[in-house]
There are 2 protein chains.
Amino acid sequence: MSLLKPRGTYHHGNLQAALIAAATQMVRANGAEHLSLRAVAAEVGVSPSAAYHYYPDKDSLISGVGQELFERLADLQEAALSQFPGKSAKAARARFRALGRAYFDWASSEANLFRLMFGGFCSIDFAEAQIKRQESRAWNLLCSCLDDLQASGDIKKTIRPYGEILSWSTVHGATALIVEGHLPAASFESVLDGLELSLGIGK
Amino acid sequence: MSLLKPRGTYHHGNLQAALIAAATQMVRANGAEHLSLRAVAAEVGVSPSAAYHYYPDKDSLISGVGQELFERLADLQEAALSQFPGKSAKAARARFRALGRAYFDWASSEANLFRLMFGGFCSIDFAEAQIKRQESRAWNLLCSCLDDLQASGDIKKTIRPYGEILSWSTVHGATALIVEGHLPAASFESVLDGLELSLGIGK
DNA sequence: CTCCAAATCTGAACGATGTGCAGATTATTC
DNA sequence: GAATAATCTGCACATCGTTCAGATTTGGAG
(Lines give C-alpha, C1' and ligand atoms only; values in the text may rest on other atoms or scores of the structure.)
Protein backbone atom coordinates (compact mmCIF):
# COMPACT_ATOMS: atom_id res chain seq x y z
CA MET A 1 0.00 0.00 0.00
CA SER A 2 1.53 3.25 -1.13
CA LEU A 3 1.94 6.32 0.99
CA LEU A 4 0.28 8.57 -1.54
CA LYS A 5 -3.43 8.32 -1.96
CA PRO A 6 -4.28 6.98 -5.46
CA ARG A 7 -5.45 9.87 -7.61
CA GLY A 8 -9.15 10.09 -8.19
CA THR A 9 -10.07 8.03 -5.17
CA TYR A 10 -11.77 9.37 -2.08
CA HIS A 11 -10.62 6.90 0.52
CA HIS A 12 -6.94 6.43 1.10
CA GLY A 13 -7.05 2.84 2.17
CA ASN A 14 -4.26 2.98 4.69
CA LEU A 15 -4.25 6.47 6.06
CA GLN A 16 -3.20 5.87 9.64
CA ALA A 17 -0.10 3.89 8.72
CA ALA A 18 0.73 6.31 5.92
CA LEU A 19 0.46 9.27 8.28
CA ILE A 20 2.85 7.66 10.74
CA ALA A 21 5.28 6.75 7.99
CA ALA A 22 5.28 10.21 6.46
CA ALA A 23 5.50 11.91 9.83
CA THR A 24 8.42 9.69 10.79
CA GLN A 25 10.35 10.64 7.69
CA MET A 26 9.66 14.31 8.21
CA VAL A 27 10.71 14.23 11.85
CA ARG A 28 13.81 12.33 10.85
CA ALA A 29 14.69 15.09 8.44
CA ASN A 30 13.62 18.23 10.29
CA GLY A 31 13.03 17.37 13.93
CA ALA A 32 9.79 16.93 15.78
CA GLU A 33 9.58 20.61 16.68
CA HIS A 34 9.24 21.52 13.00
CA LEU A 35 6.72 18.86 12.05
CA SER A 36 3.69 20.28 10.27
CA LEU A 37 0.46 18.35 10.30
CA ARG A 38 -0.54 20.02 7.06
CA ALA A 39 2.70 18.99 5.42
CA VAL A 40 2.22 15.40 6.51
CA ALA A 41 -1.30 15.38 5.11
CA ALA A 42 -0.10 16.90 1.85
CA GLU A 43 2.70 14.35 1.56
CA VAL A 44 0.16 11.58 1.90
CA GLY A 45 -2.22 13.24 -0.56
CA VAL A 46 -4.99 13.99 1.87
CA SER A 47 -6.63 17.05 3.37
CA PRO A 48 -5.35 18.23 6.76
CA SER A 49 -8.61 17.44 8.49
CA ALA A 50 -8.42 13.80 7.50
CA ALA A 51 -5.74 13.18 10.07
CA TYR A 52 -8.12 14.16 12.84
CA HIS A 53 -10.07 11.00 12.25
CA TYR A 54 -7.16 8.99 13.63
CA TYR A 55 -5.48 11.40 16.01
CA PRO A 56 -7.21 14.00 18.15
CA ASP A 57 -4.38 16.45 17.60
CA LYS A 58 -0.86 16.88 16.33
CA ASP A 59 0.75 15.80 19.58
CA SER A 60 -1.04 12.49 19.39
CA LEU A 61 0.31 11.93 15.90
CA ILE A 62 3.79 12.53 17.25
CA SER A 63 3.13 10.14 20.08
CA GLY A 64 2.06 7.59 17.51
CA VAL A 65 5.40 7.99 15.80
CA GLY A 66 7.16 7.58 19.13
CA GLN A 67 5.23 4.44 19.82
CA GLU A 68 6.61 2.80 16.71
CA LEU A 69 10.11 4.04 17.40
CA PHE A 70 10.26 2.40 20.79
CA GLU A 71 9.38 -0.85 19.10
CA ARG A 72 12.08 -0.31 16.52
CA LEU A 73 14.67 0.38 19.21
CA ALA A 74 13.78 -2.80 21.10
CA ASP A 75 14.12 -4.72 17.84
CA LEU A 76 17.51 -3.19 17.34
CA GLN A 77 18.68 -4.23 20.76
CA GLU A 78 17.41 -7.73 20.18
CA ALA A 79 19.40 -7.88 16.97
CA ALA A 80 22.48 -6.59 18.76
CA LEU A 81 22.23 -9.32 21.38
CA SER A 82 21.76 -12.08 18.85
CA GLN A 83 25.02 -11.11 17.20
CA PHE A 84 26.97 -12.71 20.04
CA PRO A 85 25.28 -15.96 21.01
CA GLY A 86 26.71 -18.46 23.44
CA LYS A 87 27.15 -18.94 27.16
CA SER A 88 30.79 -17.98 27.48
CA ALA A 89 31.77 -15.04 29.64
CA LYS A 90 33.34 -13.49 26.59
CA ALA A 91 30.10 -13.65 24.63
CA ALA A 92 28.13 -12.24 27.53
CA ARG A 93 30.49 -9.36 27.78
CA ALA A 94 30.28 -8.74 24.04
CA ARG A 95 26.51 -8.70 24.31
CA PHE A 96 26.61 -6.09 27.04
CA ARG A 97 28.79 -3.86 24.98
CA ALA A 98 26.77 -4.42 21.85
CA LEU A 99 23.65 -3.39 23.71
CA GLY A 100 25.14 -0.07 24.70
CA ARG A 101 26.62 0.53 21.30
CA ALA A 102 23.35 -0.21 19.55
CA TYR A 103 21.63 2.35 21.73
CA PHE A 104 24.22 4.96 20.94
CA ASP A 105 24.57 4.17 17.25
CA TRP A 106 20.86 4.38 16.73
CA ALA A 107 20.66 7.67 18.58
CA SER A 108 23.51 9.32 16.76
CA SER A 109 22.43 8.18 13.32
CA GLU A 110 18.84 9.23 14.01
CA ALA A 111 19.25 12.14 16.36
CA ASN A 112 15.86 13.67 15.57
CA LEU A 113 14.04 10.42 16.16
CA PHE A 114 15.92 9.86 19.39
CA ARG A 115 14.93 13.33 20.55
CA LEU A 116 11.32 12.60 19.73
CA MET A 117 11.43 9.48 21.88
CA PHE A 118 13.15 10.91 24.92
CA GLY A 119 12.72 14.66 24.61
CA GLY A 120 9.23 14.95 26.03
CA PHE A 121 7.43 14.96 22.68
CA CYS A 122 5.49 11.78 23.33
CA SER A 123 2.58 12.51 25.60
CA ILE A 124 2.97 9.53 27.86
CA ASP A 125 -0.80 9.47 28.31
CA PHE A 126 -1.60 8.75 24.72
CA ALA A 127 0.71 5.89 23.85
CA GLU A 128 1.56 4.92 27.39
CA ALA A 129 0.57 1.27 27.25
CA GLN A 130 2.38 0.43 24.03
CA ILE A 131 5.47 2.45 24.81
CA LYS A 132 5.79 0.99 28.29
CA ARG A 133 5.47 -2.47 26.80
CA GLN A 134 8.31 -1.95 24.34
CA GLU A 135 10.36 -0.26 26.99
CA SER A 136 10.03 -3.20 29.32
CA ARG A 137 10.90 -5.48 26.43
CA ALA A 138 14.18 -3.61 26.07
CA TRP A 139 14.57 -3.58 29.84
CA ASN A 140 14.24 -7.35 29.93
CA LEU A 141 16.93 -7.72 27.31
CA LEU A 142 19.25 -5.71 29.52
CA CYS A 143 18.28 -7.81 32.54
CA SER A 144 19.00 -11.08 30.80
CA CYS A 145 22.30 -9.70 29.58
CA LEU A 146 23.30 -8.84 33.13
CA ASP A 147 22.04 -12.19 34.37
CA ASP A 148 24.36 -13.89 31.91
CA LEU A 149 27.27 -11.85 33.19
CA GLN A 150 26.33 -12.76 36.72
CA ALA A 151 26.09 -16.44 35.80
CA SER A 152 29.67 -16.42 34.57
CA GLY A 153 30.73 -14.53 37.69
CA ASP A 154 31.70 -11.63 35.50
CA ILE A 155 30.08 -8.81 37.42
CA LYS A 156 30.66 -7.59 40.94
CA LYS A 157 28.12 -9.13 43.28
CA THR A 158 27.42 -6.06 45.39
CA ILE A 159 26.80 -4.00 42.30
CA ARG A 160 24.58 -6.45 40.48
CA PRO A 161 21.34 -5.08 42.00
CA TYR A 162 22.12 -1.70 40.46
CA GLY A 163 23.13 -3.18 37.13
CA GLU A 164 20.12 -2.38 35.00
CA ILE A 165 19.46 1.05 36.38
CA LEU A 166 23.10 2.09 36.29
CA SER A 167 23.70 0.78 32.79
CA TRP A 168 20.64 2.37 31.28
CA SER A 169 21.21 5.69 33.03
CA THR A 170 24.85 5.84 32.05
CA VAL A 171 24.40 4.80 28.45
CA HIS A 172 21.37 7.01 28.00
CA GLY A 173 23.05 9.96 29.67
CA ALA A 174 26.20 9.75 27.61
CA THR A 175 24.15 9.28 24.46
CA ALA A 176 21.92 12.25 25.18
CA LEU A 177 24.81 14.51 26.10
CA ILE A 178 26.70 13.58 22.97
CA VAL A 179 23.71 13.89 20.66
CA GLU A 180 23.02 17.38 22.01
CA GLY A 181 26.60 18.43 21.62
CA HIS A 182 27.59 18.65 25.26
CA LEU A 183 30.18 15.90 24.97
CA PRO A 184 32.36 14.83 22.03
CA ALA A 185 31.22 11.71 20.22
CA ALA A 186 34.50 9.99 20.89
CA SER A 187 33.81 9.88 24.60
CA PHE A 188 31.14 7.24 24.26
CA GLU A 189 33.64 4.41 24.05
CA SER A 190 35.32 5.77 27.15
CA VAL A 191 32.02 5.72 28.94
CA LEU A 192 31.52 2.09 27.97
CA ASP A 193 35.04 1.28 29.15
CA GLY A 194 34.48 3.06 32.43
CA LEU A 195 31.08 1.48 32.93
CA GLU A 196 32.42 -2.04 32.44
CA LEU A 197 35.35 -1.29 34.70
CA SER A 198 33.19 0.15 37.43
CA LEU A 199 30.70 -2.70 37.27
CA GLY A 200 33.55 -5.14 37.47
CA ILE A 201 32.77 -6.63 34.08
CA GLY A 202 35.51 -8.48 32.24
CA LYS A 203 37.57 -8.84 35.41
CA MET B 1 13.63 47.84 36.65
CA SER B 2 10.20 46.41 36.16
CA LEU B 3 9.27 43.84 33.59
CA LEU B 4 6.35 45.83 32.30
CA LYS B 5 7.06 48.88 30.24
CA PRO B 6 5.90 52.04 32.07
CA ARG B 7 2.67 53.20 30.47
CA GLY B 8 2.91 56.16 28.18
CA THR B 9 6.59 55.72 27.50
CA TYR B 10 8.08 54.69 24.21
CA HIS B 11 11.29 53.07 25.34
CA HIS B 12 11.18 50.19 27.74
CA GLY B 13 14.51 50.81 29.35
CA ASN B 14 15.46 47.20 29.97
CA LEU B 15 13.88 45.24 27.20
CA GLN B 16 16.44 42.51 26.65
CA ALA B 17 16.56 41.45 30.28
CA ALA B 18 12.79 41.74 30.59
CA LEU B 19 12.30 39.54 27.53
CA ILE B 20 14.53 36.83 28.96
CA ALA B 21 12.84 37.03 32.35
CA ALA B 22 9.33 36.82 30.90
CA ALA B 23 10.30 34.05 28.48
CA THR B 24 11.88 32.07 31.30
CA GLN B 25 8.71 32.26 33.37
CA MET B 26 6.58 31.21 30.43
CA VAL B 27 8.81 28.30 29.54
CA ARG B 28 8.82 27.29 33.15
CA ALA B 29 5.05 27.17 33.12
CA ASN B 30 4.24 25.82 29.65
CA GLY B 31 7.38 24.33 28.19
CA ALA B 32 9.66 25.72 25.52
CA GLU B 33 7.64 24.10 22.73
CA HIS B 34 4.66 26.29 23.60
CA LEU B 35 6.50 29.55 24.00
CA SER B 36 4.99 32.37 21.97
CA LEU B 37 7.12 35.33 21.06
CA ARG B 38 4.01 37.48 20.84
CA ALA B 39 2.93 36.45 24.32
CA VAL B 40 6.34 37.32 25.70
CA ALA B 41 6.20 40.73 24.08
CA ALA B 42 2.69 41.33 25.38
CA GLU B 43 3.70 40.29 28.88
CA VAL B 44 6.48 42.84 28.78
CA GLY B 45 4.19 45.50 27.33
CA VAL B 46 5.87 45.83 23.99
CA SER B 47 5.03 45.14 20.37
CA PRO B 48 6.12 41.76 18.96
CA SER B 49 8.56 43.37 16.57
CA ALA B 50 10.49 45.00 19.38
CA ALA B 51 12.03 41.68 20.32
CA TYR B 52 13.72 41.45 16.93
CA HIS B 53 15.99 44.26 17.90
CA TYR B 54 17.71 41.95 20.38
CA TYR B 55 17.18 38.49 18.91
CA PRO B 56 17.09 37.62 15.21
CA ASP B 57 14.35 35.05 15.80
CA LYS B 58 12.43 33.12 18.40
CA ASP B 59 15.01 30.34 18.64
CA SER B 60 17.64 32.85 19.60
CA LEU B 61 15.44 34.17 22.38
CA ILE B 62 15.12 30.61 23.66
CA SER B 63 18.86 30.17 23.42
CA GLY B 64 19.22 33.34 25.44
CA VAL B 65 17.07 31.81 28.13
CA GLY B 66 19.17 28.65 28.03
CA GLN B 67 22.31 30.69 28.38
CA GLU B 68 21.14 32.10 31.68
CA LEU B 69 19.91 28.74 32.88
CA PHE B 70 23.31 27.12 32.47
CA GLU B 71 24.72 29.86 34.62
CA ARG B 72 22.04 29.29 37.22
CA LEU B 73 22.75 25.56 37.27
CA ALA B 74 26.46 26.10 37.77
CA ASP B 75 25.65 28.48 40.63
CA LEU B 76 23.45 25.82 42.14
CA GLN B 77 26.21 23.26 42.01
CA GLU B 78 28.60 25.68 43.56
CA ALA B 79 26.16 26.24 46.41
CA ALA B 80 25.74 22.51 46.84
CA LEU B 81 29.47 22.02 47.16
CA SER B 82 29.91 24.80 49.68
CA GLN B 83 27.39 23.12 51.93
CA PHE B 84 29.98 20.54 52.92
CA PRO B 85 33.34 22.23 53.35
CA GLY B 86 36.42 20.54 54.74
CA LYS B 87 39.09 18.14 53.65
CA SER B 88 37.83 14.98 55.33
CA ALA B 89 36.90 11.99 53.20
CA LYS B 90 33.44 12.21 54.65
CA ALA B 91 32.99 15.78 53.50
CA ALA B 92 34.32 14.99 50.05
CA ARG B 93 31.87 12.17 49.72
CA ALA B 94 29.02 14.39 50.90
CA ARG B 95 30.00 16.94 48.27
CA PHE B 96 29.91 14.34 45.53
CA ARG B 97 26.45 13.26 46.52
CA ALA B 98 25.24 16.81 46.94
CA LEU B 99 26.42 17.60 43.43
CA GLY B 100 24.34 14.82 41.95
CA ARG B 101 21.35 15.62 44.06
CA ALA B 102 21.46 19.30 43.17
CA TYR B 103 21.44 18.37 39.49
CA PHE B 104 18.47 16.09 39.96
CA ASP B 105 16.52 18.35 42.31
CA TRP B 106 16.85 21.28 39.98
CA ALA B 107 15.75 19.21 37.02
CA SER B 108 12.73 17.70 38.70
CA SER B 109 11.53 20.93 40.22
CA GLU B 110 12.03 22.76 36.92
CA ALA B 111 11.38 20.07 34.35
CA ASN B 112 10.51 22.50 31.56
CA LEU B 113 13.65 24.53 32.10
CA PHE B 114 15.76 21.40 32.23
CA ARG B 115 14.25 20.26 28.94
CA LEU B 116 15.03 23.61 27.40
CA MET B 117 18.66 23.26 28.40
CA PHE B 118 19.26 19.70 27.29
CA GLY B 119 16.46 18.96 24.87
CA GLY B 120 17.95 20.53 21.79
CA PHE B 121 16.15 23.87 22.10
CA CYS B 122 19.29 25.95 22.49
CA SER B 123 20.90 26.44 19.14
CA ILE B 124 24.46 25.75 20.17
CA ASP B 125 25.61 28.26 17.54
CA PHE B 126 23.96 31.25 19.10
CA ALA B 127 24.94 31.03 22.72
CA GLU B 128 27.77 28.58 22.28
CA ALA B 129 30.51 30.59 23.92
CA GLN B 130 28.61 31.52 27.05
CA ILE B 131 26.98 28.12 27.49
CA LYS B 132 30.23 26.27 27.05
CA ARG B 133 31.81 28.54 29.61
CA GLN B 134 29.19 27.82 32.24
CA GLU B 135 29.27 24.15 31.37
CA SER B 136 33.00 23.96 31.88
CA ARG B 137 32.53 25.84 35.15
CA ALA B 138 30.23 23.06 36.32
CA TRP B 139 32.61 20.49 34.87
CA ASN B 140 35.46 21.92 36.89
CA LEU B 141 33.39 21.70 40.06
CA LEU B 142 32.90 18.01 39.36
CA CYS B 143 36.60 17.59 38.66
CA SER B 144 37.67 19.20 41.91
CA CYS B 145 35.16 17.10 43.77
CA LEU B 146 36.64 13.92 42.32
CA ASP B 147 40.14 15.20 42.97
CA ASP B 148 39.24 15.59 46.63
CA LEU B 149 37.96 12.04 46.73
CA GLN B 150 41.15 10.86 45.09
CA ALA B 151 43.24 12.82 47.59
CA SER B 152 41.64 10.97 50.46
CA GLY B 153 42.09 7.68 48.62
CA ASP B 154 38.36 7.35 48.45
CA ILE B 155 37.93 6.42 44.81
CA LYS B 156 39.23 3.44 42.91
CA LYS B 157 42.44 4.36 41.13
CA THR B 158 41.79 2.57 37.87
CA ILE B 159 38.40 4.21 37.57
CA ARG B 160 39.46 7.73 38.41
CA PRO B 161 40.19 8.70 34.78
CA TYR B 162 36.58 7.96 33.93
CA GLY B 163 35.23 9.74 36.99
CA GLU B 164 33.90 12.93 35.46
CA ILE B 165 32.49 11.43 32.33
CA LEU B 166 30.87 8.52 34.14
CA SER B 167 29.39 10.66 36.87
CA TRP B 168 27.92 13.24 34.57
CA SER B 169 26.56 10.66 32.14
CA THR B 170 25.00 8.59 34.89
CA VAL B 171 23.47 11.46 36.83
CA HIS B 172 22.27 13.18 33.69
CA GLY B 173 20.86 9.97 32.26
CA ALA B 174 18.97 9.02 35.38
CA THR B 175 17.69 12.57 35.71
CA ALA B 176 16.51 12.76 32.13
CA LEU B 177 14.85 9.36 32.23
CA ILE B 178 13.05 10.21 35.46
CA VAL B 179 11.97 13.66 34.32
CA GLU B 180 10.49 12.19 31.15
CA GLY B 181 8.66 9.49 33.05
CA HIS B 182 10.70 6.49 31.93
CA LEU B 183 11.93 5.70 35.42
CA PRO B 184 10.29 6.28 38.82
CA ALA B 185 11.60 9.23 40.76
CA ALA B 186 12.55 7.05 43.68
CA SER B 187 15.20 5.32 41.64
CA PHE B 188 17.49 8.32 41.64
CA GLU B 189 18.84 7.60 45.10
CA SER B 190 19.52 4.04 44.00
CA VAL B 191 21.46 5.35 41.05
CA LEU B 192 23.56 7.51 43.36
CA ASP B 193 24.13 4.52 45.65
CA GLY B 194 25.12 2.36 42.73
CA LEU B 195 27.33 5.02 41.23
CA GLU B 196 29.27 5.52 44.47
CA LEU B 197 29.55 1.80 44.93
CA SER B 198 30.79 1.21 41.41
CA LEU B 199 33.30 4.05 41.59
CA GLY B 200 34.56 2.68 44.87
CA ILE B 201 33.58 5.80 46.77
CA GLY B 202 33.09 5.55 50.51
CA LYS B 203 34.99 2.28 50.71
C1' DC C 1 20.49 75.05 23.16
C1' DT C 2 19.91 72.92 18.62
C1' DC C 3 20.02 69.70 15.31
C1' DC C 4 21.21 65.34 13.41
C1' DA C 5 22.17 60.55 13.61
C1' DA C 6 21.58 56.34 15.99
C1' DA C 7 18.86 53.55 18.84
C1' DT C 8 14.52 51.87 19.94
C1' DC C 9 9.88 50.77 19.28
C1' DT C 10 5.08 50.62 16.62
C1' DG C 11 1.64 49.11 13.13
C1' DA C 12 0.13 46.81 9.54
C1' DA C 13 0.78 43.08 6.67
C1' DC C 14 1.93 38.27 4.80
C1' DG C 15 2.05 33.44 4.68
C1' DA C 16 1.72 29.33 7.36
C1' DT C 17 -0.09 26.67 11.09
C1' DG C 18 -3.44 23.80 14.25
C1' DT C 19 -8.02 22.96 14.67
C1' DG C 20 -13.34 22.86 14.33
C1' DC C 21 -17.48 22.09 11.62
C1' DA C 22 -20.82 21.31 7.99
C1' DG C 23 -21.32 18.46 4.44
C1' DA C 24 -19.68 15.42 0.52
C1' DT C 25 -18.26 10.80 -0.75
C1' DT C 26 -17.60 6.00 -0.21
C1' DA C 27 -18.03 1.53 2.37
C1' DT C 28 -20.81 -1.61 5.00
C1' DT C 29 -24.71 -3.83 6.66
C1' DC C 30 -29.32 -5.43 6.56
C1' DG D 1 -31.14 -1.43 -2.95
C1' DA D 2 -31.65 1.56 1.05
C1' DA D 3 -30.03 3.12 5.48
C1' DT D 4 -26.23 3.71 8.37
C1' DA D 5 -21.49 4.25 9.46
C1' DA D 6 -16.84 5.36 8.13
C1' DT D 7 -13.88 8.53 5.73
C1' DC D 8 -12.53 12.46 3.72
C1' DT D 9 -13.07 17.55 1.80
C1' DG D 10 -13.58 22.65 1.98
C1' DC D 11 -13.87 26.50 4.30
C1' DA D 12 -13.22 29.28 8.22
C1' DC D 13 -10.96 31.17 12.32
C1' DA D 14 -7.58 32.53 15.51
C1' DT D 15 -2.81 32.54 16.28
C1' DC D 16 1.83 32.48 15.16
C1' DG D 17 6.74 34.04 13.41
C1' DT D 18 8.56 37.38 10.68
C1' DT D 19 9.25 41.56 7.67
C1' DC D 20 9.38 46.37 6.78
C1' DA D 21 8.39 51.16 6.51
C1' DG D 22 8.04 54.68 9.54
C1' DA D 23 7.22 56.86 14.28
C1' DT D 24 9.40 58.15 18.62
C1' DT D 25 13.02 58.93 21.69
C1' DT D 26 17.87 59.37 23.12
C1' DG D 27 22.55 61.06 23.01
C1' DG D 28 26.22 63.56 21.28
C1' DA D 29 28.41 67.19 18.28
C1' DG D 30 28.43 71.82 16.93
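So that the names make sense, note that chain A is the first sequence line, chain B the second, and so on, each numbered from 1.
Distance B:L15 CG to C:dT10 C1': 12 Å, rounded to the nearest Å. Atom OH of A:Y55 and atom P of C:dT19 are 14 Å apart (whole Å). Between B:D59 atom CG and D:dG17 atom P there is a gap of 10 Å when expressed in whole angstrom units. At whole-Å resolution of the value, CG in A:L19 and P in D:dT7 are 12 Å apart. Here the P atom of nucleotide C:dT17 and the CD1 atom of A:I62 are 14 Å apart, to the nearest Å. Distance A:H34 NE2 to C:dG18 P: 12 Å, rounded to the nearest Å. Per the geometry, OH belonging to A:Y52 stands 13 Å off C1' belonging to C:dC21, to the nearest Å. As rounded to whole Å, 14 Å separates atom P of D:dG17 from atom CD of A:E33.
Looking at A:D193 and A:R97, a side-chain N of the basic residue comes within less than 4.0 Å of a carboxylate O on the acidic one, giving a salt bridge.
In this structure, the nucleotide among C:dA13, C:dT19, D:dT19 sitting nearest to the side chain of B:R38 is C:dA13. Relative to the side chain of B:Y54, the nucleotides C:dC9, D:dG17, C:dT19 differ in distance, and C:dC9 lies closest. With D:dT18, C:dG11, D:dC8 as the choices, the nucleotide that has an atom nearest any side-chain atom of B:L37 turns out to be D:dT18.
B:D57 and B:S60 share a side-chain donor-acceptor pair at under 3.5 Å. Looking only at atom types and distance, the side chain of B:R137 has no donor-acceptor partner in the side chain of B:N140 under 3.5 Å away.
Aromatic pair B:F114/B:F104: centroids not less than 6.0 angstrom apart.
Contact check, B:S47 against C:dC9: no side-chain N or O comes under 4.0 Å of OP1 or OP2. Between B:H53 and C:dT8 there is a side-chain polar atom (N or O) within less than 4.0 angstrom of OP1 or OP2.
The aromatic rings of A:H182 and B:W168 sit perpendicular to each other, their planes meeting at more than 60°, with 30° as the lower class boundary.
Where A:S49 and B:S49 meet DNA chain D, the nucleotide closest to each residue was compared, and A:S49 sits on the side nearer the 5' end.
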